[in-house]
Amino acid sequence: KKPVIPDLIAFRDKLLLEGYEESKEKSAGTGKKIGIPRAMYTYDRLPFWNTFFSELGFQLVLSDKSNRKIINYGIDAVVAEPCFPIKLAHGHVRDLLDKNVDYIFLPNIINMETEFMDVNSHACPWGQTMTFVIRHSPIMEGQEDILLQPTIHFRDGKEVVTKELHEFVKKFGIGKKQVAHAVDLSYKSQTDFQR
């Protein structure tokens, strides 16, 4: 049958990746390459992270779309029996290792904004701890230092997130004003995507 509505998954993917190719071209040949796995909360916030890192002069590299190879990478890499999305995240990290990025960004995201801000809301425990589990998986052996693992509390607001991200990027010599500006633009990108 002919579809009666547009492919909303394809539409979401198109919006999610909006600006990614442009930022790749803009930063080509400059800055360190930071890999982002197409998995879990980090990928859901790609407009935010794409803007944040490109504003600070980094090159963003995404893992490939989920495929049989990435699935098998993930299944081979897990040291426990988590849900499939966590296994898949392991595979995406392995794919980024194959791409020879300088760093892999796997934040420890504790909570998220929700429509009901008066109710406490936390990310799934596997999602929160995924970065630490992957750090100790066989795929990271001897490469643990390339993982970037800041703890982020999105639910606690922009001011807290800015402070957490500034602490995280200080080691790259990036100042508070640069971070605050990048965070402002990043929130706008994420809001535009969600709208």
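Here the structure is a predicted model, which is why all the values come from computation and not from measurement.
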Is it the case that more than 12 heavy atoms not belonging to Lys177 sit under 6.0 Å from its NZ atom? no
For the atom pair CZ (Arg12) and CD (Gln194), what is the distance rounded to the nearest 0.5 Å? 9.5 Å
Counting N and O atoms only, with roles assigned by atom type, does the side chain of Asn111 sit under 3.5 Å from a partner on the main chain of Ala123, one being a donor and the other an acceptor? no
Say whether, by atom type as modelled, one donor and one acceptor occur between the side chain of Glu55 and the main chain of His181 under 3.5 angstrom. no
Please check if atom NZ in Lys99 has more than 12 non-hydrogen atoms from other residues, nucleotides or ligands closer than 6.0 Å. yes
Arg38 backbone acceptor or donor facing Ser63 side chain under 3.5 Å: yes
Lys/Arg N to Asp/Glu carboxylate O, Lys65 vs Asp95, below 4.0 Å: no
Just how far is it from atom CD of Glu141 to atom CD of Gln143, taken to the nearest 0.5 Å? 9.5 Å
Separation between CG of Leu56 and CZ of Phe172, rounded to the nearest 0.5 Å: 10.0 Å
I need the Asp102 CG to Ile146 CD1 distance, nearest 0.5 Å. 8.5 Å
Can we say Asp98 and Arg94 salt-bridge, meaning some charged N sits less than 4.0 Å from an Asp/Glu carboxylate O? yes
Is the backbone N or O of Leu185 less than 3.5 Å from a side-chain atom of Ser189, with the two atoms forming a donor-acceptor pair by type? yes
Determine yes or no for a side-chain-to-main-chain donor-acceptor pair under 3.5 angstrom, with Tyr20 supplying the side chain and Leu62 the backbone. yes
Is there a chain of hydrophobic side chains (I, L, V, M, F, W, Y, each step under 4.5 Å between heavy atoms) that links Leu88 to Met40? no
Under 6.0 Å from the six-membered ring centre of Tyr187 and within 45° of its axis: does the NZ or CZ of Lys158 meet both? yes
Just how far is it from atom CG of Asp76 to atom CD1 of Ile139, taken to the nearest 0.5 Å? 10.0 Å
Determine yes or no for a side-chain-to-main-chain donor-acceptor pair under 3.5 angstrom, with Glu18 supplying the side chain and Leu16 the backbone. no
From the list Tyr43, Phe48, Tyr41, Phe168, ring pair (Phe, Tyr, Trp, His ring centres under 6.0 Å) with Phe105 holds only for Phe168
Positive for side-chain contact (heavy atoms from CB on, under 4.5 Å) with His92, one of Leu97, Leu106, Ile70: Ile70
